[in-house]
Visitor: 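My questions will all concern the structure given below.
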Amino acid sequence: MLGACVLDGQAEAGIGGQVVQKITCKKLVGIQKIAAGRIQSYKVQTNPIAAVILTLKKGKKSCVDPNLDWVKKVMMKVDKAERQKNRGGSTKPRNKSKKN
């Protein structure tokens with residue numbers, strides 16, 4: 001089964017008085033696979049159900065089953081990209097200046 005879940009949002013006070021939206025997955029429902037290139041980040045949730053909340057690059061959130069193979073692969077790709085970003089690395093080759 002492809003899985004996603006119904007999201008429930010609640011506003012909470014954050015650092016410096018900011019209001020942050022806390023997202024909780026409540027119930028799994030069907031969804032298509034989401035391409036890894038569309039995903040910006042993820043968060044693992046264990047309560048009230050086991051789920052992964054994916055944040056898409058356009059700001060939408062989707063809650064998916066953490067046991068699906070494609071979800072595991074997406075999480076690894078996001079982790080790898082974050083490690084490279086933190087090291088200052090890039091997945092694209094650098095342009096080298098050519099001397100004439």
Visitor: Let me confirm one number: the OH-NZ distance from Y42 to K61, rounded to the nearest 0.5 Å.
Guide: 14.0 Å
Visitor: In the structure I gave you, are the side-chain heavy atoms of V74 and I34 within less than 4.5 Å of one another anywhere?
Guide: no
Visitor: How long is the span from the CG atom in L54 to the CE atom in M75, to the nearest 0.5 Å?
Guide: 8.5 Å
Visitor: Are T24 and P48 close enough that some pair of their side-chain heavy atoms sits under 4.5 Å apart?
Guide: yes
Visitor: Looking at I53, is its backbone amide N or carbonyl O close enough to the side chain of Q45 to form a donor-acceptor pair, meaning the two atoms are under 3.5 Å apart?
Guide: no
Visitor: Ignoring hydrogens and geometry, is there a side-chain-to-backbone donor-acceptor pair from K57 to G37 under 3.5 Å?
Guide: yes
Visitor: Please find the pair of heavy atoms, one from V78 and one from S41, that lie closest to each other, and give the distance.
Guide: CG1-CA, 4.1 Å
Visitor: Does L68 share a hydrophobic cluster with V44, counting links as ILVMFWY side-chain heavy atoms below 4.5 Å and allowing steps through other members?
Guide: yes
Visitor: Name the residue from I39, D65, V52 that meets the side-chain contact (heavy atoms from CB on, under 4.5 Å) definition with V71.
Guide: V52
Visitor: Could you report the tightest heavy-atom contact between Q32 and W70, atom names first, then the distance?
Guide: O-CZ2, 4.2 Å
Visitor: Measuring from R38:CZ to T55:OG1, what's the distance to the nearest 0.5 Å?
Guide: 12.5 Å
Visitor: More than 12 non-hydrogen atoms from neighbouring residues, nucleotides or ligands closer than 6.0 Å to NZ on K72, yes or no?
Guide: yes
Visitor: Which heavy atom in A51 sits nearest to a heavy atom in P66, and how many Å separate them?
Guide: CA-CD, 3.6 Å
Visitor: If I compare all heavy atoms of L56 with all of Q40, which pair ends up nearest, and what's the gap?
Guide: O-OE1, 3.9 Å
